[in-house]
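Accompanying notes for the structure given below.
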2 protein chains.
Amino acid sequence: MSKQVTIKQIAQYAGVSEATVSRVLNQPELVSKQTIQKVKDGMDELQYRPSALAQSMRNHTTKTIGVVISNVLNPFFTTLVRGIEDAATKRGYSVIVCNTDENPDKEQRYINMLVDHQADGIILASTGNHANYHSMVNDMPLVFIDRMPQGKDANLYDTVLVDNEKGSFNAADALIKQGATRVNAIVSPVATTGTERLNGFRKALTAHDFPIREQDIALDDYLGQHTAELALNLIQTNQCDALFCGNNVILMNVLKVLKEWQIGDMKLAVFDDQPWFDFVQYPIISVDQPAYLIGTKAFITLMDRLANPDRPVTHDIVRTKLVIR
Amino acid sequence: MSKQVTIKQIAQYAGVSEATVSRVLNQPELVSKQTIQKVKDGMDELQYRPSALAQSMRNHTTKTIGVVISNVLNPFFTTLVRGIEDAATKRGYSVIVCNTDENPDKEQRYINMLVDHQADGIILASTGNHANYHSMVNDMPLVFIDRMPQGKDANLYDTVLVDNEKGSFNAADALIKQGATRVNAIVSPVATTGTERLNGFRKALTAHDFPIREQDIALDDYLGQHTAELALNLIQTNQCDALFCGNNVILMNVLKVLKEWQIGDMKLAVFDDQPWFDFVQYPIISVDQPAYLIGTKAFITLMDRLANPDRPVTHDIVRTKLVIR
DNA sequence: CTTGTATATGAAATCGATTTCATAAAGGCG
DNA sequence: CGCCTTTATGAAATCGATTTCATATACAAG
């Protein structure tokens with residue numbers, strides 16, 4: 001292992017002190033032209049690169065943030081993460097991505113890890129089962145995305161969310177306007193989003209004077225193990241002609257059932273939009289969330305908070321767009 | 001900012017030296033039972049968590065690896081990344097994901113960043129435009145995935161790849177067996193994969209005594225700006241009845257064209273498989289790459305290399321699976 | 001009672017940077 | 001020419017851990 005080139009060797013090479021080398025990098029206006037040249041020659045010659053680790057140690061900033069989401073495999077989160085990464089890179093930040101799989105323990109462990117690594121902040125789609133974030137992160141800035149924070153610390157933190165209720169209302173409303181007579185729903189009761197989406201769904205039914213039957217609504221588990229079963233039950237028992245899916249994973253499972261049982265006639269709506277919806281034989285109605293934008297906004301919010309820790313908490317709600325096919 | 005609890009404060013609390021506190025964590029067998037208890041009490045009381053930064057500084061290992069890919073938004077890479085992350089988490093490693101967008105400069109910058117952060121290693125789907133990896137990473141272990149390394153250092157590094165040629169051969173072969181009479185191809189000339197996939201495609205044509213016409217093959221740019229145009233040209237000019245797409249992004253763009261021009265009859269094959277292919281009206285033939293497995297294998301290879309820097313270079317080729325619909 | 005060996009602990013060096021404080025040289029001014 | 005202010009630089013402390021080396025105590029063996 002050819003060992004790493006340190007500031008010491010540059011100092012030696014240039015015949016100056018380490019302090020001077022450091023100044024060449026950070027406050028060159030304090031150093032004479034000739035010395036700067038000597039030092040820079042040394043850096044080039046020895047291919048010096050300052051240790052980010054040592055800098056973090058001294059400066060108490062790692063230029064690293066954590067992103068805690070349920071699963072990068074979910075394209076909504078993928079896009080969101082990409083939004084964060086692009087914004088972060090532009091500002092010289094690195095991103096550590098953590099998948100909780102909706103498991104609160106995993107979330108806890110990842111947050112601890114990020115605290116240990118002294119991340120400068122965390123962007124968090126929380127499972128929502130933590131009472132006291134503040135004691136977990138010890139003053140590290142937190143930005144909540146996708147899901148509202150719960151517990152007593154909830155109001156301490158910045159959020160970037162979408163209007164789940166309105167989006168779902170619009171989707172269910174569109175199904176009915178397309179002539180659906182019995183609209184069922186499958187949602188995932190994850191954090192705050194499930195409830196909000198269900199509320200929107202219910203309100204749309206009510207607005208159209210549709211009765212709300214509890215057997216028309218199925219609650220999925222996040223992992224999607226039983227989605228197919230639930231869907232089949234709704235379809236067969238209730239004879240529904242339209243289905244509202246709480247997220248893209250649920251839709252995928254519903255499509256599987258429809259295909260397997262060769263059910264050709266079903267109006268579908270889903271919260272979240274994906275490009276391939278265009279190519280499916282069913283005309284899928286979707287609620288397009290600006291995932292990438294949520295990512296960049298969350299990152300900017302985090303930066304603002306870092307720059308000004310005492311500024312008032314912000315709550316950003318980004319707009320969804322109904323896509324009718 | 002309530003400042004961070006350091007080993008010093010635990011030492012003070014327990015009335016011992018910092019060395020002893022450190023030993024409680026790392027070599028408790030050297031410490032007396034009562035002292036351990038005192039120290040542990042202090043840790044609990046003050047909620048001590050060792051600074052990963054300081055540990056990295058001393059131990060010369062960050063327990064962090066870099067993953068450099070073209071784009072997480074590509075579901076192939078998403079899955080791959082998830083495979084890496086799961087394996088890494090299990091071993092206490094964190095992952096920093098970097099998107100190059102096939103831009104060699106970005107790749108260079110990210111690699112530098114990872115070197116600066118003293119990542120323990122890098123898993124790399126390289127754009128392939130770097131002559132000398134070794135001088136870039138300075139003895140940091142590198143595992144190449146998806147694309148073969150090029151340049152003079154190529155044979156220095158472990159690889160985990162798929163058999164592109166065979167996969168493509170099978171896909172084109174299946175198209176022809178399904179009765180295609182004129183098979184065209186669009187591939188992305190990225191790194192080594194484009195050429196290999198094209199080779200497989202050509203061999204399949206030859207095996208069936210089909211002529212190989214160069215106008216039947218279109219080279220896409222990675223960003224997919226002109227894919228639609230190219231596809232339309234192949235379809236209209238060549239009157240092809242089957243199209244082989246070099247990756248899932250290309251397929252997506254082809255589907256757009258087919259939809260827009262209402263072309264109902266087209267046999268499609270694509271390198272890489274996605275769940276939603278099941279729901280598209282065309283019976284898509286696909287080459288399923290075990291992306292998740294590639295991820296875990298790459299991580300394990302990296303760990304092996306770290307454990308034994310001098311062991312011979314390994315070249316792992318994972319199996320693809322032809323999916324016929 | 002002395003010597004030798006475990007056992008338990010602490011002081012200090014170290015990792016690679018940054019920053020404060022002190023100092024030396026150079027230049028400006030009356 | 002002496003005094004004061006810039007300008008340029010270095011020595012040493014610091015960030016928070018780990019590890020080496022030395023030392024002190026306890027206990028066993030002779």
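A, B, ... follow the sequence lines: proteins, then strands. Residue 1 opens every chain.
Taking 4.5 Å as the limit, some side-chain heavy atom of Phe76(B) sits within range of a side-chain heavy atom of Ile294(B). Side-chain atoms of Gln4(B) and Gln118(A), non-hydrogen and from C-beta on, do get closer than 4.5 Å to each other.
If you run side-chain contact (heavy atoms from CB on, under 4.5 Å) between Asn99(A) and each of Asn74(A), Leu73(A), Val72(A), Val67(A), only Val72(A) comes through. None of Asp146(A), Ile111(A), Thr100(A), Ile145(A) except one satisfies the side-chain contact (heavy atoms from CB on, under 4.5 Å) rule with Leu124(A); the exception is Ile111(A).
The environment of Met136(B) atom CE is dense: over 12 non-hydrogen atoms of other residues, nucleotides or ligands sit within 6.0 angstrom. The local environment of NZ in Lys106(A) is crowded, with over 12 non-hydrogen atoms from other residues, nucleotides or ligands closer than 6.0 Å.
One finds no side-chain N or O of Ser17(A) lying less than 4.0 angstrom from the OP1 or OP2 phosphate oxygen of dA11(D). Distances shorter than 4.0 Å separate none of the side-chain N or O atoms of Thr6(B) from OP1 or OP2 on dG16(D). In this model, the phosphate group of dT18(C) is approached by a side-chain N or O of Gln55(A) to a distance below 4.0 Å at OP1 or OP2. OP1 and OP2 of dA17(C) both lie 4.0 Å or more from every side-chain N or O belonging to Ser22(A).
Taking CD1 of Ile7(B) as the start and OG of Ser51(B) as the end, the distance is 10.5 Å to the nearest 0.5 Å. One finds the CD1 atom of Ile65(A) at 9.5 Å from the CD1 atom of Ile122(A) (value rounded to the nearest 0.5 Å).
Among the heavy atoms of the strands lying under 4.0 Å from Val16(B) are primed sugar atoms or P, OP1, OP2 only; no base atom is included.
In this structure, the helix from dC1(C)-dG30(D) to dG30(C)-dC1(D) shows an angle of 60° between the axis at its start and the axis at its end, each fitted on 5 base pairs and rounded to 10°.
Of the listed nucleotides (dT18(C), dA17(C), dT18(D)), dT18(C) has the atom at the smallest distance from the side chain of Asn26(A). Taking the side chain of Ser51(B) as heavy atoms from C-beta on, and the options dG16(D), dG10(D), dA17(C), the nearest nucleotide is dG16(D).
Atom CD of Gln27(B) is separated from atom C1' of dT19(D) by 8 Å (rounded to the nearest Å). Taking atom CG on Leu53(B) and atom P on dT18(D), their separation rounds to 13 Å, with Å as the unit.
A heavy-atom distance below 4.0 Å to DNA chain D is reached by these residues of residues 28-46 of chain A, ordered by number: Leu30(A), Val31(A), Ser32(A), Thr35(A). Residues of residues 58-65 of chain A that place a heavy atom closer than 4.0 Å to DNA chain D, in numerical order, are Arg58(A), His60(A).
The nearest heavy atom of DNA chain C to Lys8(A) and to Arg23(B) marks one nucleotide each, and the one closer to the 5' end goes with Arg23(B).
Salt bridge status for Arg82(A) with Asp86(A): present, with a side-chain N to carboxylate O gap under 4.0 Å. In summary, Asp158(A) and Arg311(A) engage in a salt bridge, as defined by a charged side-chain N under 4.0 Å from a carboxylate O.
Of the N and O atoms on the side chains of Ser126(B) and Glu107(B), at least one donor lies less than 3.5 Å from an acceptor on the other residue.
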